[in-house]
Amino acid sequence: MKSDSASKGNVVSNIPKHIGIIMDGNGRWATKRLLPRAAGHRAGVKNITPVVSYLLEEGVKCVSLYAFSTENSGRPKDEVDSLVDLIRKRLKPMTRELIERGARVVFSGDRTYFPTDVQKLISEVEGENTDPSSSVVNIALNYSGRSEILRACRLAAEKGEITADSLERELFTHDLPELDMIIRTGGEKRLSNFMLYQAAYSELFFTDTLWPDFDKKELKTMLEEYTARSRRFGKL
């Protein structure tokens with residue numbers, strides 16, 4: 001992970017370089033409206049582009065989205081199937097708009113869980129923009145923070161001694177900026193196995209707003225609060 005201090009943004013100064021978002025509350029959003037949970041997931045996908053586009057416009061260099069955890073695979077089969085089908089149908093249209101805005105899309109997690117056609121889609125999206133100078137949208141699919149750490153340890157051990165540097169080189173985020181800020185929507189106040197290693201000194205923000213209703217206004221308020229916080233990284 002690259003360490004990089006923030007400089008400026010259109011809304012606030014000292015803009016975070018890397019923001020992670022735990023997009024929680026899609027199912028509850030649908031239930032409140034007497035809709036099937038799948039409708040909530042569709043609404044959640046629609047909200048990704050405006051939120052991420054706003055962050056990129058404000059100068060954020062990387063946005064990591066917790067889209068599908070390894071634990072999600074333990075949900076009822078019909079819901080899991082609908083989530084995988086949503087990835088199949090909406091991944092390219094959603095990412096195409098972000099790529100057209102200049103972003104590079106990458107993925108974290110064990111993609112071998114998904115059907116072959118979905119794995120192919122993931123690879124195709126990654127190949128559409130490979131410019132290392134581009135802003136990055138990192139989508140976590142079948143992702144587990146614990147599994148990522150174990151995987152990095154195993155790969156580092158195979159190459160030699162395990163050190164902080166050798167381990168970090170094997171993380172999915174090895175070429176991304178340090179994770180400055182984590183936002184979780186939906187009212188829960190936990191990380192739920194999201195980027196555990198990277199979150200060591202991240203500033204945490206929680207909101208009761210369900211992900212499909214999360215908007216630029218609330219995000220702007222969070223960014224302003226971020227700039228007001230003192231980040232000492234364990235020092236005085």
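What's counted below: heavy atoms across the whole structure, side chains too, no hydrogens, waters or symmetry copies.
- One N or O on the side chain of Tyr143 and one on the backbone of Met195 form a donor-acceptor pair closer than 3.5 Å.
- In terms of modelled atom types and a separation under 3.5 Å, the side chain of Trp29 and the main chain of Leu210 share no donor-acceptor contact.
- Side-chain atoms of Glu178 and Tyr201 include no donor-acceptor pair closer than 3.5 Å.
- Listed by first and then second residue, the side-chain hydrogen bond (donor to acceptor under 3.5 Å, both in side chains) pairs that reach into residues 42-53 are Ser53-Arg101, sequence neighbours excluded.
- Atom CZ of Arg146 is surrounded by 12 or fewer heavy atoms from other residues, nucleotides or ligands within 6.0 Å.
- For the 3.5 Å distance criterion, the side chains of Asn142 and Thr70 fail to qualify, holding no donor opposite an acceptor.
- Listed here is the closest heavy atom pair of Arg28 and Arg37: N-NH1, 4.4 Å.
- A single hydrophobic cluster is seen to contain both Val80 and Ile122, as judged by linkage of ILVMFWY side chains at heavy-atom distances under 4.5 Å, directly or through other members.
- Scanning all heavy atoms of the two residues, the minimum distance from Tyr66 to Ser192 falls at OH-O, 3.0 Å.
- Side chain of Ser69 to main chain of Asn193: no donor-acceptor pair is present (N/O by atom type, distance under 3.5 Å, no hydrogens or angles).
- Closest approach of Gly102 and Asn129 over heavy atoms only: O-ND2, 3.7 Å.
- Note on Ile149 and Phe194: same hydrophobic cluster, where clusters join Ile, Leu, Val, Met, Phe, Trp and Tyr whose side-chain heavy atoms are under 4.5 Å apart, directly or indirectly.
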